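Lettering of chains follows the sequences in order, A, B, ..., and the numbering in each one begins at 1. Reckoned from all heavy atoms, side chains included, excluding hydrogens, waters and symmetry mates. This one's a predicted model, so the numbers in the text were calculated from it and none came from an experiment.
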Protein chains: 2
Amino acid sequence: MSQEFAGKGDPRKLIELMWGKSRAPRRGPKPKASLEDIVAAAISIADSEGIEAVSTRNVAEAVGISPMSFYTHVPSKAELHDLMLDQVTAESAARPDDWPTMNWRQRMTFIAEDAWHFYLRHPWIVQFQTHRPILGPNTMASYEVALSALEGLGLDEIEMDLSVTALHNYVLGAVRDAARAQTVLEATGMTDDEWWPSIEPFLADVDFSPYPLASHVGRVAGETYGLGDPERAFRFGLERFLDGMAMLIERKKQQHVT
Amino acid sequence: MSQEFAGKGDPRKLIELMWGKSRAPRRGPKPKASLEDIVAAAISIADSEGIEAVSTRNVAEAVGISPMSFYTHVPSKAELHDLMLDQVTAESAARPDDWPTMNWRQRMTFIAEDAWHFYLRHPWIVQFQTHRPILGPNTMASYEVALSALEGLGLDEIEMDLSVTALHNYVLGAVRDAARAQTVLEATGMTDDEWWPSIEPFLADVDFSPYPLASHVGRVAGETYGLGDPERAFRFGLERFLDGMAMLIERKKQQHVT
DNA sequence: TATAACTATTTACACTGTACATTGTTTTCA
DNA sequence: TGAAAACAATGTACAGTGTAAATAGTTATA
């Protein structure tokens, strides 16, 4: 079922693996597979078959080693997860070409949308827990890009960190339902809306009078976008958040003037 | 690792279970355990030992039936998860006493904080995926409460639905890191900040020059709240979102006047 | 050349979800 | 009253999981 963050893997070992220290061994046979191979194979399996298919045996087989040889390269499965996360984050570690011409709102919108699509490309990320903050090079680079969206606006360091974190948290929460719907669609070939009519009759004789607002709003929303439109909800909340950010930035600018 | 949303369990069966139809069987022996017992036992195990301890065997043992008897009551483990989710949501299905005296911002703040604490009480919720939207009675009641925070402000049904969804999504994303830190603390007795010094030396000779902003901001933030302060980040983002909501509500009011 | 250092493998164990076949219990109807 | 239907509970079994432990094989260094 789920995630082990137990006190097992030495966090220092993970740091070493992520930053590529502890390499170039002097003796012993040539490794049949590299760490990069293993992490890449795990990501590939997760993308195509889902995170539950990422077993130590499957990963080992994918890179052509025996099941237990996996542990020669990675301390445990928990560390594999962290390595997968940092590795895949490389996709969000670069600024787009027109970055210099964008204002802060365009930049934050870009970052949010980029993260949105990133999570939909790798929906398994949404569903696993790490044991410690990931301090890998790609995670760092991605944080750098996000911070640079807010440079020179008069925000202090704390406000910049909190803004970037809050934006990222929001996307993570909002993408969850989209990722779920997408994964289920891929697995079953059935969208949420296709499934709805088959259970509607069962709800027909439920008494909804205790939920007057919910049934009214739910009905109108249902006529507009069926069981839900995760992307629309995402964009709506993003605009509210950015409006709030604009207020903060404006306030800080006025403080700076006086 | 994670969740099965496969096309297995008949969704109609789940609806029946959640709304308490399909009860009062005419014949056969008295069940040794009720559905309520089973779901309650599963929630209790998840709360105290984590979601990974919620195995069909453990749940069966907790209610005093043999492993396979579990399947007499619940079609599969996926349905158990959905039932757990709706059941536990009963905690957020009531308005506080002073609700009538609160304005919309106080109400939304209450809902966000209530959800925040709810997730920290049941951190396992954050880490599992459902296969379909949960349409249970308690989920419905909780949605009703959230909507009633925005009644009579001039928002249309769609805006109300999107606002409630966005707020909920935000809390879900923001609580993730707090839940992780809490779970790791319980499992290992070590906070994120206690762990940090032990790996700091390993990062000492990493070249951080590619991340100038990140290392500067990270250093100031680190001096202020160590490796991170999830609750502070949550409150910061919440205020920004609510500021944005205030702008929307104000705009709608002015539209209504003209 | 011997040894240390390293990779890879085999075997094993306790655990998971659940398919399938069977037994036991209670109610209903002929 | 007895047979049948409906349901609950169980035992056995299988393919999968993470990983501990012991062992064998390979290479660079002393």
Expressed as a whole number of angstroms, how long is the span from [X]:[atom1] to [N]:[atom2]?
X     : N     : atom1 : atom2 : result
A/E61 : C/dT9 : CD    : C1'   : 15 Å
B/H73 : D/dC7 : NE2   : C1'   : 11 Å
B/F70 : D/dA9 : CZ    : P     : 13 Å

Evaluate the salt bridge (Lys or Arg N to Asp or Glu O under 4.0 Å) criterion for residues A/R180 and A/D192: first the C-alpha distance (whole Å), next the side-chain angles of each, then the deciding distance (0.1 Å), finally the verdict.
-> CA-CA 10 Å; A/R180 180 199 56 74; A/D192 284 359; 2.8 Å; yes
Taking atom types as modelled and ignoring hydrogens, do the side chains of A/T183 and A/E186 form a donor-acceptor contact shorter than 3.5 angstrom?
-> no
Have A/D193 and A/Y225 got a donor and an acceptor in their side chains that come within less than 3.5 Å?
-> no
Taking B/N58 for the side chain and B/A53 for the main chain, is one N or O donor matched with an acceptor at less than 3.5 Å?
-> yes
If each end axis of the helix from C/dT1-D/dA30 to C/dA30-D/dT1 is fitted on five C1' pair positions, the angle between them, to 10 degrees, is 20°
Examine C/dT27: is either OP1 or OP2 under 4.0 Å from a nitrogen or oxygen in the side chain of B/K30? Give yes or no.
-> yes
Do the side-chain N or O atoms of A/S69 get closer than 4.0 angstrom to the phosphate oxygens (OP1, OP2) of C/dT9?
-> yes
Aromatic ring pairing A/F234/A/Y170, orientation class (parallel under 30°, perpendicular over 60°, tilted between) | parallel
Do you know the tightest heavy-atom contact between A/A214 and B/E144?
-> N-OE1, 2.6 Å
Polar atom pairs (N or O), protein with nucleotides 2-5 of chain C, under 3.5 Å:
from  : atom 1 : to    : atom 2 : distance (Å)
C/dA4 : N3     : A/R27 : NH1    : 3.1

Strand contacts (DNA chain C) in residues 32-50 of chain A, 4.0 angstrom heavy-atom criterion = A/K32, A/A33
Protein-nucleic acid N or O pairs under 3.5 Å, nucleotides 13-17 of chain D:
from   : atom 1 : to    : atom 2 : distance (Å)
D/dT17 : OP1    : A/S55 : OG     : 2.7

Counting heavy atoms not belonging to A/E113, are there more than 12 under 6.0 Å from its CD?
-> yes
Could you list the residues that satisfy side-chain hydrogen bond (donor to acceptor under 3.5 Å, both in side chains) with A/Y211, not counting sequence neighbours?
-> none
Among all residues two or more places apart in sequence or in another chain, which pass the salt bridge (charged side-chain N to carboxylate O under 4.0 Å, His left out) test with A/E91?
-> A/R121
Could you grab the distance from atom CD of A/Q127 to atom CZ of B/F128, nearest 0.5 Å is fine?
-> 12.0 Å
Residues A/D82 and A/K77 bridged, charged N to O under 4.0 Å = no
Pairing of B/R232 and A/D161 as salt bridge, 4.0 angstrom limit = no
Check every atom of C/dT18, D/dT10, C/dT7 against the side chain of B/S66 and return the nucleotide holding the closest atom.
-> D/dT10
State, yes or no, whether a side-chain contact exists between B/W116 and B/E231 at a heavy-atom distance under 4.5 Å.
-> yes
